[in-house]
Amino acid sequence: MPTALTIAGVDSGGGAGITADIKTFAALGVHGTCVITACTAQNTREVKDIFDIPAEFVERQFDVVMSDIRVDCAKTGMLSSPEIVRTVARLIRKQNIPLVVDPVMAAGSGGKLLQDEAVDVMIDELLPLATILTPNIFEAERLSGVKVRDMNDAKIAAAKISDLGAKAVIVTGGHLDGTDVFYSNGEFTYILGELIAGGTHGTGCTHSAAITAELAKGTPLVEAAKRAKKFVENAILTSVKIGRGAAPVNQLGHTLAEARRYGVLKTVEEAVELIESNMDFSELIPEVGCNVAMGIPNAALISDVAAVSGRIVKLKGTPHAVGCVEFGASSHVARVVLTAMQTDSSVRAAMNIRYSEEALVACKEIGLKVASFIRDEEPQGVSTMEWGVGDAIQRSGRVPDVIFDTGDIGKEAMIRLLGTDAVEVVKQAFAILSAMMR
């Protein structure tokens, strides 16, 4: 497994520094090690106090890690004092490992993290060791002496900083319409992005840590910067407000979202397997076929709901799924799920079955809450499923277990079952079928 080292401070609020770096490494499949340079008394609103770790103990942490663990790439973050900067520069020179320098000068929540006298030491001793330097525009201004107001200023600043010895410089674009300016070997590359609404505390640490992780995996430098950009955008998009100040970015948000999508796919696949293994289920399949669908938590779009890409039909008297389980595969049943979730976010699954009086009686016999809507009452210019399900929910005062309609010209009567997940809904259908056969 690739291994990375972060040499930085601790944010007691968990949004930046060592915490952000380690979470980023883990999310990108890299083992993280750390050398702590300072402890901060910090939350989402302010940096209350800073305690610098003695330089000799910084060195001891570094030496012990390096004596046992292969480090593929290192990064620096908060190096608040001249002594710590000098110590870290000497240690990096001795090990000669690729280095990402994030010239952290201030916290996003306010508070100076780099002493004024340490800036010159950083320029003289640390920047010449940098594989890449990742300043925001305020840090770029301090290091280059160039006022950065637009992309052209960012290019001038990047070139001047490179002249100080860094092999590559990327001026991050959080204050430049989302575009990063990458400079190396006399060439500029624009790394396009977009300004995304969400929490931004820890963006700088996360960006530099993502580049570090990618370099540890052997990713070429420009590609590493592009991947880091995308990673930060996802982390901002999935940020969660945890305090009264700036929300920290969520390094694991995208990973967890993908895990939830995978979990939904597997649950719907399990539900389909249960249907196909029950020969009697054919009695519940409507003429138009049936489908079973389930949404991810907080689903808002049809593409957030997984279902069978075709439908479940009768094939030689047995239930058979035509197509694979995919997201965005169903419009009809997906709209049932999405409409129900607007009232109760725990109701994330639905399926349609054949309408019959016997089935409705069975639903009531097994204790399911039943509601209905009348297609003749549907207003003009609305989606039947969104209106019908919403109307049934409004009449019930909550999301019922069953919503049915008796059809209309060219529209088959239908029963729709709702529940927390796809397997639960299928088991409800089995219970209905069993009650019908008694």
Side-chain angles (χ1 to χ4, degrees), residues 6-9 16-17 21 37-38 47 74-90 92-93 98-108 110-176 179-191 200 202-212 215 221-222 224-225 228-229 232:
T6 171
I7 307 169
D21 294 342
T37 61
V47 178
K75 68 152 286 189
T76 60
M78 178 185 176
L79 308 174
S80 59
S81 71
E83 295 77 19
I84 291 175
V85 175
R86 288 192 187 96
T87 298
V88 170
R90 174 170 53 80
I92 293 295
R93 274 195 299 270
L99 179 67
V100 177
V101 175
D102 180 7
V104 176
M105 297 183 183
K112 184 181 292 187
L113 301 181
L114 182 67
Q115 298 170 17
D116 290 337
E117 57 268 31
V119 176
D120 290 338
V121 179
M122 176 180 286
I123 291 172
D124 292 339
E125 299 198 29
L126 195 62
L127 265 60
L129 305 176
T131 303
I132 184 168
L133 190 78
T134 65
N136 59 34
I137 64 168
F138 306 111
E139 294 159 350
E141 289 176 347
R142 179 69 175 84
L143 294 172
S144 68
V146 175
K147 181 68 176 177
V148 180
R149 292 157 297 192
D150 52 31
M151 299 298 290
N152 189 59
D153 292 338
K155 290 171 65 176
I156 295 170
K160 283 185 173 292
I161 295 169
S162 179
D163 289 342
L164 299 174
K167 295 180 181 65
V169 178
I170 182 166
V171 179
T172 58
H175 302 87
L176 290 172
T179 298
D180 296 345
V181 176
F182 180 97
Y183 177 77
S184 181
N185 296 322
E187 295 184 0
F188 291 97
T189 302
Y190 290 141
I191 299 176
T200 56
T203 50
C205 301
T206 300
H207 178 258
S208 56
I211 293 175
T212 305
L215 293 179
L221 193 52
V222 174
K229 178 77 169 177
V232 171

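Everything quoted here is computed from the prediction, not taken from an experiment.
- For Ala166, the side chain to side chain contact (heavy atoms under 4.5 Å, CB included) partners are Ala130, Leu133, Val169, not counting sequence neighbours.
- Qualifying salt bridge (Lys or Arg N to Asp or Glu O under 4.0 Å) partners for Arg142, counting only residues two or more places apart in sequence or in other chains: none.
- Looking at Thr172 and Thr203, their side chains never come closer than 4.5 Å, going by heavy atoms from C-beta outward.
- In terms of heavy-atom proximity, Gly9 sits nearest to Thr37 at N-OG1, 3.4 Å.
- When side chains are defined from C-beta on, Met105 counts as touching Leu143, because their heavy atoms get closer than 4.5 Å.
- The two residues Gly204 and Asp102 have their closest heavy-atom pair at O-OD2, 3.4 Å.
- Thr131 contributes no side-chain N or O that, together with a main-chain N or O of Lys167, makes up a donor-acceptor pair within less than 3.5 Å.
- Closest of all the heavy-atom pairs between Ala225 and Ile211 is CA-CG1, 4.2 Å.
- Legend: residues meeting side chain to side chain donor-acceptor pair (under 3.5 Å) with Asp21, ordered by chain and number and at least two apart, are Thr6, Lys75.
- Separating the CG atom in Leu126 from the CZ atom in Arg90 is a distance of 13.0 Å, to the nearest 0.5 Å.
- Minimum heavy-atom separation, Ser208 to Thr134: CB-OG1, 3.6 Å.
- Asp150 has its side chain within reach of Asp153: a pair of non-hydrogen atoms, C-beta onward, lies under 4.5 Å apart.
- Dense packing is recorded around CG of Asn152, with more than 12 heavy atoms of other residues, nucleotides or ligands lying under 6.0 Å away.
- Looking at residues two or more places apart in sequence or on another chain, you find no salt bridge (Lys or Arg N to Asp or Glu O under 4.0 Å) involving Lys160.
- No side-chain heavy atom of Leu79 sits under 4.5 Å from any side-chain heavy atom of Val121.
- Minimum heavy-atom separation, Ala140 to Pro135: N-CB, 3.7 Å.
- Contact between Ala16 and Cys205 at its shortest, heavy atoms only, is CB-SG, 3.9 Å.
- Every residue two or more places apart in sequence or in another chain was checked for a side chain to side chain donor-acceptor pair (under 3.5 Å) with Arg93, and none qualifies.
- Remark: side-chain polar atoms of Thr179 are not paired, donor with acceptor, to backbone N or O of Ile191 under 3.5 angstrom.
- Considering CG of Leu99 and CD1 of Ile92, their distance stands at 5.0 Å, rounded to 0.5 Å.
- Under the side chain to side chain contact (heavy atoms under 4.5 Å, CB included) criterion, Ala210 pairs with Thr24, Leu28, Ala228, Phe231, sequence neighbours left out.
- Remark: the backbone N or O of Ala158 is not paired with any side-chain donor or acceptor of Ser162 at under 3.5 angstrom.
- Remark: Lys155 pairs with Val181, Phe188, Tyr190 by the side chain to side chain contact (heavy atoms under 4.5 Å, CB included) rule, at least two apart or across chains.
- The side chain to side chain contact (heavy atoms under 4.5 Å, CB included) test applied to Leu221 returns Ile132, Ala168, Phe182, Leu215, not counting sequence neighbours.
- For Glu141, the salt bridge (Lys or Arg N to Asp or Glu O under 4.0 Å) test picks out Lys147, with sequence neighbours left out.
- With sequence neighbours excluded, no residue forms a side chain to side chain donor-acceptor pair (under 3.5 Å) with Thr212.
- With sequence neighbours excluded, the residues satisfying side chain to side chain donor-acceptor pair (under 3.5 Å) with Thr206 are Gln251.
- Annotation: the span from Asp180 atom CG to Ile170 atom CD1 amounts to 4.0 Å, rounded to 0.5 Å.
- Side-chain contact between Thr76 and Met122 is absent, with no heavy atoms from C-beta onward closer than 4.5 Å.
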